[in-house]
Engineer: 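Dumping the structure here so I can ask a few things about it.
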Number of protein chains: 2
Amino acid sequence: MDADGIHGQLDTLILATLQRGEAHGYAIIAALKESSGEQLDLPSGTVYPALRRLERAGFVAGKWTQASGRRRRVYAITEAGSAALAKGRADWLALREVMTAVLGT
Amino acid sequence: MDADGIHGQLDTLILATLQRGEAHGYAIIAALKESSGEQLDLPSGTVYPALRRLERAGFVAGKWTQASGRRRRVYAITEAGSAALAKGRADWLALREVMTAVLGT
DNA sequence: CTTGATATGTAGCTCGCCTACATATAGGCT
DNA sequence: AGCCTATATGTAGGCGAGCTACATATCAAG
């Protein structure tokens, strides 16, 4: 699945990934690909701006690190981010209920 | 749930409702409220423009009718609309799989 | 004779996400 | 030495969905 199929769930997906442990952007993309069973393959142009939005919102905290010459910006989820994830998860479950009821699936 | 929780599934919800039979805008809003177990309450400013978009796209066909003095625009799903609904349903199921896998729910 | 339900629609706006591009280092292959 | 791929981060410009608020009209009930 490419990025236009996630329909507003991008932040929730990223926060859910970060709750398993801090990670940098490239690793988040790889983790989402892996945890989705190779179904999700998000472009960097989608994920990096999202991380900056989340950082501005106070949901993640970023810090620069160095790994074998390559600079990395490693993000960790904050308390506010955990709360946002909880809300995102609840919103998702509500949507799932409605879609299930209407589609009859 | 208000309209900002449906995240790109509006067209699919409307098409799914119309596949049970033709209906006018106001009835579609009521039907979605009913079939979702009173969870969905969409504002007219969301549904009516969506119906016009769907009509422009050829997914629904509208015709004016009269019922006890009130004019109604009754919409019926087209063949192209059925195909779009099938795709919308498939896209939704794919998203649901990914979300379930990543959220672990 | 006013209020609420029925019924449709527009104007203006915000924001999420996409596409395409730009940049840089490390490691392996030839 | 030179090239390609993987790793890694980011910007510019743009589109379109759906929201908020508003405007309009008829019918039924109190």
Side-chain angles (χ1 to χ4, degrees), chain A residues 1-15 17 22-34 40-57 59-60 62-75 84 87-88 91-92 95 98, chain B residues 1-15 17-18 22-34 40-57 59-60 62-75 84 88 91-92 95 98:
Chain A
M1 190 189 303
D2 49 342
D4 61 343
I6 57 179
H7 290 306
Q9 308 301 336
L10 178 60
D11 292 2
T12 301
L13 289 169
I14 291 176
L15 289 174
T17 301
E22 57 176 29
H24 60 288
Y26 199 83
I28 292 171
I29 294 174
L32 280 172
K33 196 172 181 178
E34 197 274 326
L40 258 188
D41 197 9
L42 301 178
S44 64
T46 292
V47 173
Y48 288 110
L51 285 168
R52 308 190 121 235
R53 273 199 307 272
L54 290 169
E55 187 168 24
R56 264 204 315 279
F59 294 156
V60 303
K63 61 168 191 273
W64 286 109
T65 64
Q66 203 76 17
S68 59
R70 288 197 198 83
R71 61 174 198 147
R72 288 176 173 171
R73 187 150 183 86
V74 173
Y75 293 93
K87 187 179 182 309
D91 287 350
W92 162 255
L95 176 59
V98 166
Chain B
M1 189 187 306
D2 50 341
D4 61 343
I6 55 178
H7 290 304
Q9 308 300 336
L10 178 61
D11 292 2
T12 301
L13 288 169
I14 291 176
L15 290 174
T17 301
L18 286 179
E22 58 178 28
H24 61 288
Y26 199 84
I28 292 171
I29 293 174
L32 280 172
K33 194 173 182 179
E34 196 275 326
L40 258 187
D41 197 9
L42 300 178
S44 64
T46 291
V47 173
Y48 288 109
L51 285 168
R52 309 190 120 234
R53 273 199 306 274
L54 290 170
E55 187 168 25
R56 264 203 315 277
F59 294 157
V60 302
K63 60 168 190 273
W64 285 108
T65 65
Q66 204 75 16
S68 60
R70 287 195 199 83
R71 61 177 199 144
R72 288 176 173 172
R73 187 149 182 88
V74 173
Y75 294 94
D91 287 350
W92 162 255
L95 175 59
V98 166

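Atom set for the values below is all heavy atoms of this structure, side chains included, hydrogens, waters and symmetry mates excluded. Each chain gets a letter, A, B and so on, in the order its sequence line appears, and its residues count up from 1.
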Engineer: Specify the separation, in whole Å, of atom CG of Leu42(A) and atom C1' of dT9(D).
Structural biologist: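 Value for this atom pair: 16 Å.
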
Engineer: Are any non-hydrogen side-chain atoms of Arg53(A) and Leu10(A) less than 4.5 angstrom apart?
Structural biologist: yes

Engineer: Tell me, do Thr12(B) and Trp92(B) make a side-chain contact under 4.5 Å, heavy atoms counted?
Structural biologist: no

Engineer: For dG18(D), take OP1 and OP2 only and decide whether either is under 4.0 Å from a side-chain N or O of Arg53(B).
Structural biologist: yes

Engineer: Can you tell me the distance, in whole Å, between the CZ atom of Arg71(B) and the P atom of dA5(C)?
Structural biologist: 21 Å

Engineer: From C-beta outward on Pro49(B), which listed nucleotide comes closest to its side chain: dT11(D), dT10(C), dG9(C)?
Structural biologist: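 My answer, after comparing the listed nucleotides, is dT10(C).
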
Engineer: How long is the line joining NE2 of His24(A) and P of dA24(C), in whole Å?
Structural biologist: 19 Å

Engineer: Categorize Leu10(B) for me: base, sugar-phosphate, or nothing, with a 4.0 angstrom heavy-atom threshold over every strand shown.
Structural biologist: sugar-phosphate

Engineer: Figure out the CD1/P separation between Ile29(B) and dT6(C), and round it to whole Å.
Structural biologist: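 After rounding, the reported distance stands at 11 Å.
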
Engineer: Using whole Å, report how far CD of Gln9(A) lies from P of dG16(C).
Structural biologist: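 In whole Å, dG16(C) P and Gln9(A) CD are 13 Å from each other.
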
Engineer: Could you please spell out the steps behind the side chain to side chain contact (heavy atoms under 4.5 Å, CB included) verdict for Ile6(B) and Leu40(B)?
Structural biologist: CA-CA 9 Å; Ile6(B) 55 178; Leu40(B) 258 187; 3.8 Å; yes

Engineer: Report yes if at least one side-chain N or O of Arg70(B) is closer than 4.0 Å to OP1 or OP2 of dA28(D); otherwise report no.
Structural biologist: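 No, because none of the side-chain N or O atoms of Arg70(B) sits under 4.0 Å from OP1 or OP2 of dA28(D).
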
Engineer: Any base atoms under 4.0 Å from Gly45(B), or only sugar-phosphate, or nothing? Heavy atoms, all strands.
Structural biologist: base

Engineer: Whole angstrom is fine here: how far is it from CZ in Arg52(A) over to P in dC15(C)?
Structural biologist: 19 Å

Engineer: In whole Å, what is the span from the CZ atom of Arg72(A) to the C1' atom of dA26(C)?
Structural biologist: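 Interatomic distance, CZ of Arg72(A) to C1' of dA26(C): 12 Å.
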
Engineer: What is the distance, to the nearest angstrom, from the CD1 atom on Ile14(A) to the C1' atom on dG16(C)?
Structural biologist: 12 Å

Engineer: Do His24(B) and Arg70(B) have side chains that approach each other closer than 4.5 Å (heavy atoms only, starting at C-beta)?
Structural biologist: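 Of all side-chain heavy-atom pairs linking Arg70(B) with His24(B), none is under 4.5 Å.
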
Engineer: Where each residue is assigned the nucleotide of DNA chain C containing its nearest heavy atom, which of Tyr26(B) and Val47(A) is assigned the position nearer the 5′ end?
Structural biologist: Tyr26(B)

Engineer: Among Arg73(A), Lys63(A), Arg72(A), which residue meets the salt bridge (Lys or Arg N to Asp or Glu O under 4.0 Å) test with Glu22(A)?
Structural biologist: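 Result for salt bridge (Lys or Arg N to Asp or Glu O under 4.0 Å) with Glu22(A): Lys63(A).
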
